[in-house]
Amino acid sequence: MAPYESDDSTRAAQAGDEPRDELRAERRRKAARYVVPVAVVGVAAATIGLVPALADSGDPNLPKITAQELIDKIAKSDVQQLSGTVKISTDLGLPDLGGLESSLLSGATQGSGDGSSADPTSKLTELASGTHTLRVAADGPEKQKVSVLESGAEYSLIHNGTDVWGYDSKSNEVYHSTAADSGKAEQHETPATPKDFADEVLKSVDDTTSVTVDGTAQVAGRDAYRLVIKPKQSGTTVGAISIAVDAKTGTPLKFTLTPSSGGAAVVDAGYTQVSFAKPAASTFDFTPPKGAKVTEGDHAGKAGKTAEGNGTDQGGKASKAPGDGSAKGLDKSGFDVLGKGWNSIAVLDTGSKGGVPTGSASGSGDLSGFLGSLGDPVSGKFGKGTVFSTRLINALMTDDGKVYVGAVDKAALVKAANAG
């Protein structure tokens, strides 16, 4: 089907900044509505998304709509209830380490409790690679549930009022924390639905971005418009982002991110089934199974209390939603940000000299040599360093302890380090 009329962000900007401001304000008001609050799993997971390509079935004949009108439709969407199945696949191009890469990601973000397998801070890092099937449900800002379906097991994260529960059926372990102010508390979440990914991307729409409507599609049996977002800048690893937007409700149904290098999508997330009916109230009920090990969350990442579950709360201290201390909004979290738009690079000074550890002092030479083999040595005015690359997120670690991270190519990282 031929693309509908397109209008890039330059034309949108000429119409004024009010629609975009409205979008951002709307997003903040609705952030907790669509997904259970969970931990941000790091810069990469916060910047990208997750899921395997879902087959579209036909191009429905829908009224024409401009890109700005479709963005406004997403912003004004007021879906409070939904349930469905989401399929997620991520291909960052990480080396095949026999599952070690997932363990390293999990360990890097693990909470400071007793290492509960039900802690979402570490559990949901598994979504950052491979293919996964999720069941999701929401009923307003205070009731959400996401379940990760595994072979013979299931991990569920449930937000019901002030309670946040994580349950790993495989290990029979439970994690519990308390939302500070019910649905009003500031929340940080790992993207898990097409809307989560779309919200993150639409915040980046500015004069460095081209936005068009490229025809229609059917996703999960529903008619949708295709919104296509492309960086105008060179040097970014992002090629294009496609968002299938439900024609009736304005809810994003599918999100696909392809890299500038071409090939398969880095992220492809979409509904295979979705309903906008009110989920049953029992969907959000949870009682720790008898004999389950329960870990209670605590403020500021302090060690949680643990006890054998007996179906009752273990009296742990109230805590913020897991993952307080998001990697999102790097410029608001202690990072310096260089550049603009899609070429933005976050800079972190670790204070650790020497770059990738040599292992001479710690006896970890084998590990440091292994890590070094995964990167490319580079040099410039800044000195020497190592670039670690994926198909989307790249990072330069310099020998003087600085780390440059962004969805940009290696040349852009070296240029930023030379200018720093």
Closest heavy-atom pair and its distance - [X], [Y]:
X: Ala416; Y: Leu338; result: CB-CD1, 4.1 Å
X: Pro63; Y: Tyr225; result: O-OH, 2.6 Å
X: Ala277; Y: Gln81; result: O-CB, 3.8 Å
X: Ala265; Y: Thr256; result: CB-CG2, 3.7 Å
X: Arg391; Y: Pro259; result: NH2-CG, 3.3 Å

Sequence neighbours left out, what passes side-chain contact (heavy atoms from CB on, under 4.5 Å) with [X]? Give chain and number order.
X: Thr85; result: Thr133, Arg135, Thr272, Gln273
X: Ser234; result: none
X: Ser117; result: Asp168, Ser171, Glu173
X: Ala419; result: none

Who passes ring-ring contact (aromatic ring centres under 6.0 Å, His included) against Tyr155, sequence neighbours left out?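 By the ring-ring contact (aromatic ring centres under 6.0 Å, His included) rule, Tyr155 matches no residue at all.
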Under the ring-ring contact (aromatic ring centres under 6.0 Å, His included) test, residues paired with Phe286 that sit two or more places apart: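 For Phe286 the ring-ring contact (aromatic ring centres under 6.0 Å, His included) partners, ignoring immediate neighbours, are Trp165, Tyr167.
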Under a plain distance cut-off of 3.5 Å, with no hydrogens placed, do Asn160 and Glu142 share a side-chain donor-acceptor pair?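 The criterion, which ignores hydrogens and geometry beyond distance, is not satisfied for Asn160 and Glu142.
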Can you confirm whether the side chains of Asp400 and Thr398 place a donor and an acceptor under 3.5 Å from each other?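 The answer is yes; a qualifying pair exists.
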How long is the straight-line distance from [atom2] of [Y] back to [atom1] of [X], given to the nearest 0.5 Å?
X: Leu253; Y: Tyr271; atom1: CG; atom2: OH; result: 7.5 Å
X: Lys64; Y: Thr216; atom1: NZ; atom2: OG1; result: 12.0 Å
X: Glu69; Y: Lys76; atom1: CD; atom2: NZ; result: 9.5 Å
X: Glu200; Y: Leu257; atom1: CD; atom2: CG; result: 12.5 Å
X: Leu70; Y: Leu227; atom1: CG; atom2: CG; result: 5.0 Å
X: Ile241; Y: Phe197; atom1: CD1; atom2: CZ; result: 11.0 Å

Please list all pairs passing the side-chain hydrogen bond (donor to acceptor under 3.5 Å, both in side chains) test where one or both residues lie in residues 402-420, with sequence neighbours left out.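 Residue pairs with at least one partner in residues 402-420: there are none.
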When you measure from the side chain of [X] to the backbone of [Y], do you find a donor-acceptor pair of N or O atoms at a distance under 3.5 Å?
X: Arg226; Y: Val213; answer: no
X: Asp163; Y: His159; answer: no
X: Lys293; Y: Tyr175; answer: no
X: His132; Y: Leu134; answer: no
X: Thr237; Y: Ala407; answer: yes
X: Thr386; Y: Met397; answer: no

What pairs with Lys340 under salt bridge (Lys or Arg N to Asp or Glu O under 4.0 Å), at least two apart in sequence or on another chain?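 Lys340: salt bridge (Lys or Arg N to Asp or Glu O under 4.0 Å) contacts with Asp207.
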Check whether any side-chain heavy atom of [X] lies under 4.5 Å from a side-chain heavy atom of [Y], and answer yes or no.
X: Leu348; Y: Val405; value: no
X: Thr249; Y: Phe276; value: yes
X: Ile345; Y: Leu413; value: yes

Apply side chain to side chain donor-acceptor pair (under 3.5 Å) to [X] and list each qualifying residue two or more places apart in sequence or on a separate chain.
X: Thr236; result: none
X: Ser83; result: none
X: Ser147; result: Glu154, Ser156

Go through Asp119 and Thr295 one step at a time and tell me if the side chain to side chain contact (heavy atoms under 4.5 Å, CB included) criterion holds. CA-CA 8 Å; Asp119 185 347; Thr295 299; over 6 Å; no
Go through it in stages, so that I can follow the logic: the residues are Phe388 and Asn394, the test is side chain to side chain contact (heavy atoms under 4.5 Å, CB included), and I'd like the CA-CA distance, side-chain angles, deciding distance and then a yes or no. CA-CA 6 Å; Phe388 298 93; Asn394 295 320; over 6 Å; no
Check this for me: does any side-chain nitrogen of one of Asp199 and Lys195 sit under 4.0 Å from a carboxylate oxygen of the other?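 Yes, charged N to carboxylate O under 4.0 Å.
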According to the salt bridge (Lys or Arg N to Asp or Glu O under 4.0 Å) rule, which pairs have a member within residues 237-248, sequence neighbours left out?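 Of all non-adjacent pairs touching residues 237-248, those that pass salt bridge (Lys or Arg N to Asp or Glu O under 4.0 Å) are Arg222-Asp246.
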